[in-house]
Number of protein chains: 2
Amino acid sequence: MECKRIQRGCSLTELKEKIIETSLTLFDQHGFHGVSVNEIVKACGTSKGGFYHHFSSKDELLFVIHDYFISYVLIKAQEAISESTHPTEKMQKIIQSFVKVFDLYKPHISVFYQESIYLKPPYVEAIKKKRQTYKEIIFSVIKEGIDKGVFRSELPVEITGMSILGMVNWSYKWYKRDGGKTIDEIGDIYVDLVLNALLIDKQKEAEITQPFLLKNQVVVD
Amino acid sequence: MECKRIQRGCSLTELKEKIIETSLTLFDQHGFHGVSVNEIVKACGTSKGGFYHHFSSKDELLFVIHDYFISYVLIKAQEAISESTHPTEKMQKIIQSFVKVFDLYKPHISVFYQESIYLKPPYVEAIKKKRQTYKEIIFSVIKEGIDKGVFRSELPVEITGMSILGMVNWSYKWYKRDGGKTIDEIGDIYVDLVLNALLIDKQKEAEITQPFLLKNQVVVD
DNA sequence: CTATTGAGACCGACTAGTTGGTCTGTACAA
DNA sequence: TTGTACAGACCAACTAGTCGGTCTCAATAG
């Protein structure tokens, strides 16, 4: 179960790990302010002392969760674009890699997008910086696609990028693992929608046979 | 300033109105749990008594804000589809009408998407029902488009619908009134992206001259 | 091999402050 | 007089965070 996840530093004790995992689930269900430190430690079978031995504050715990997640996503995105040369393929890989994260890190994502307003100033800047980096990866792929004559040049880079981000990110509001479709299927649909929206028609004709565009398969719900 | 907004029942006293508007701004900035009732009443220049005269609880205030917003959006969407016959036009109208709400109800939207997890059981069902109705409006337009041979039949209705919703909804995370583009311009881009993603190519050829698709204008940021 | 030490991991009663909510009182209009 | 609209002191419950203390165990000393 843990094997597919990113390797944490082995310096993390079991309790610290458990506090993070437990509070992640609780925050996901009730929100950061809907869960008290007492509830966290009770759910962990530990104590206030145990908690504050590992975290200087409840806010730091929130930061650790945020940082852990965004760092992971960032690495995955960088991997995705580095192992491809063609902008279309890069876009496809980014979307598919991000969408995969939903299976592994659903609570992380919910907390990340839901509770980030509660991050205290010293922490919020660090997270913002990484989020911006992530955005710029998306933007750069779109820009590259336009420059290479693959994507439609009339599209504004930033807003198109935010549209894609929004489409994918919003999944955290509704995706359930036991829903009708697997996360990979959903990813394929996203890729299909995005590429149909971005590619210039000639390119689309040429690439329609590639696997990232949905065939005329009947996809029932 | 208020004139463009929906007419509230005139039974609302000035204080109740003021509490709603003030807390909306505060919730938007600091989150529902980041603002205490004391802070609300202080910002309003009123008192605990004043507050609890109009609201039975802080939770009810949150519900009122939610219900007010979703009801408005629902009406707008129903207007949008009823005044059009063609699915393409319906989709266009829905997106444009929703996007317009961002200018008028930015704090409502932020609170709606950010704090809804804190709605208590008696309230949360009522809101969920209306949200579902909204989703089904979108779904029905997509379904109609597919049935009429306008939208690509290989697209799954629900996920495509959630993609569109996500794309548009996500705006609340980044849209600023004084940004580079007006909300109407952003709406046009959304319409362009969505229709390019949904329309079958023949339709696209035929309708490319229509105003809802971006011309080869250079849109700089 | 045993004894001593000391540092990290953890416990839980405690505190100071804040929270949502109540209750009595008041001003005023009908 | 009666009801509505508000004021603000008050309260019980809960909050994040503290702090003195205990336990474990590895490193060192004898």
Side-chain angles (χ1 to χ4, degrees), chain A residues 8-27 29-66 111 114-124, chain B residues 8-27 29-66 111 114-124:
Chain A
R8 294 185 210 253
C10 49
S11 64
L12 280 183
T13 67
E14 268 184 39
L15 180 59
K16 184 165 186 177
E17 187 89 11
K18 192 171 186 184
I19 290 173
I20 292 175
E21 292 294 326
T22 308
S23 54
L24 220 23
T25 316
L26 292 172
F27 290 164
Q29 286 164 9
H30 310 106
F32 180 69
H33 279 101
V35 181
S36 68
V37 176
N38 267 322
E39 286 170 330
I40 294 171
V41 300
K42 198 169 287 178
C44 287
T46 181
S47 63
K48 277 288 186 75
F51 181 94
Y52 284 97
H53 178 73
H54 291 291
F55 302 99
S56 67
S57 64
K58 195 187 173 191
D59 294 301
E60 200 202 80
L61 167 62
L62 187 62
F63 169 72
V64 168
I65 290 172
H66 272 73
V111 173
Q114 203 69 49
E115 316 296 339
S116 60
I117 49 162
Y118 296 121
L119 279 173
K120 290 275 157 63
Y123 304 122
V124 76
Chain B
R8 292 185 212 254
C10 48
S11 63
L12 282 185
T13 67
E14 268 184 39
L15 180 60
K16 183 165 186 177
E17 187 88 11
K18 192 171 186 184
I19 291 174
I20 292 174
E21 291 294 326
T22 307
S23 55
L24 221 23
T25 315
L26 291 173
F27 290 165
Q29 286 164 10
H30 309 107
F32 180 68
H33 280 100
V35 181
S36 68
V37 176
N38 267 323
E39 286 170 330
I40 294 171
V41 300
K42 198 171 282 179
C44 287
T46 182
S47 63
K48 280 288 189 74
F51 182 94
Y52 282 97
H53 178 72
H54 291 292
F55 302 98
S56 67
S57 66
K58 195 187 173 193
D59 294 302
E60 200 202 78
L61 167 63
L62 186 63
F63 169 71
V64 168
I65 290 171
H66 271 72
V111 173
Q114 204 68 51
E115 315 296 339
S116 59
I117 48 162
Y118 295 122
L119 280 173
K120 291 275 157 65
Y123 303 123
V124 77

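All chains are named by letter (A, B, ...) in the order of the sequence lines, taking the proteins before the strands, and each is independently numbered beginning at 1.
In this structure, the nucleotide among C:dC10, C:dG21, C:dG20 sitting nearest to the side chain of A:H54 is C:dC10. The side chain of B:L15 lies closest to D:dC6, out of D:dC6, C:dG20, D:dA16. When distances run from any side-chain atom of A:T46 to the nucleotides C:dC11, D:dA16, C:dC10, the shortest one goes to C:dC11. The side chain of A:D59 sits closest to D:dG17 out of C:dG21, D:dA5, D:dG17.
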Query raised in the report: Can you give one letter per nucleotide of nucleotides 22-30 of chain C, going 5' to 3': B for a protein heavy atom under 4.0 Å from the base, S for sugar-phosphate only, - for none?
Result: B--------

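D:dT18 atom C1' lies 18 Å from atom CZ of A:F55, rounded to whole Å. The distance from atom NZ of A:K18 to atom P of C:dC10 is 11 Å, rounded to the nearest whole Å. One atom, CD of A:E17, and another, P of C:dA9, lie 15 Å apart when rounded to the nearest Å. Computed from coordinates, the B:K42 NZ to C:dT18 P distance equals 10 Å when rounded to whole Å. Rounding to whole angstrom units, NZ of residue A:K58 and C1' of D:dT18 are separated by 17 Å. Put simply, CZ on A:F51 is 15 Å from C1' on C:dA9, counting in whole angstrom units. Atom C1' of nucleotide C:dT19 and atom OH of B:Y118 are separated by 15 Å, given to the nearest angstrom. A straight line from NE2 of B:H33 to P of D:dC14 spans 14 Å, rounded to a whole angstrom.
Looking only at distances, a side-chain donor or acceptor of B:K58 sits under 3.5 Å from a matching main-chain atom of B:F32. Counting only distance, with no hydrogens or angles, the side chain of A:E39 and the backbone of A:S36 share a donor-acceptor pair below 3.5 Å. In this structure a side-chain-to-backbone donor-acceptor pair under 3.5 Å is missing from A:T22 to A:I19.
Look at B:S36 and you won't find any side-chain N or O under 4.0 angstrom from OP1 or OP2 of C:dT18. Considering only side-chain N and O atoms, A:S47 lies nowhere under 4.0 angstrom from the phosphate OP1 or OP2 of C:dG12. Between B:H53 and D:dC6 there is no side-chain N or O to OP1 or OP2 distance below 4.0 Å.
The minimum heavy-atom distance linking A:E115 with A:F27 is given by the pair OE2-O, 4.2 Å. Of all heavy-atom pairs between A:S23 and A:I20, the closest is OG-O, 3.1 Å.
Taking the ring-ring contact (aromatic ring centres under 6.0 Å, His included) definition, one finds that B:Y52 meets it with nothing, sequence neighbours left out.
B:Y123 and B:H66 have their aromatic ring centers separated by at least 6.0 angstrom.
Among the protein residues, B:V35 comes within range of the sugar-phosphate backbone only, with heavy atoms under 4.0 Å from sugar or phosphate atoms but none that close to a base.
For the pair A:G50 and A:N38, nearest-nucleotide mapping onto DNA chain C gives the more 5' position to A:G50.
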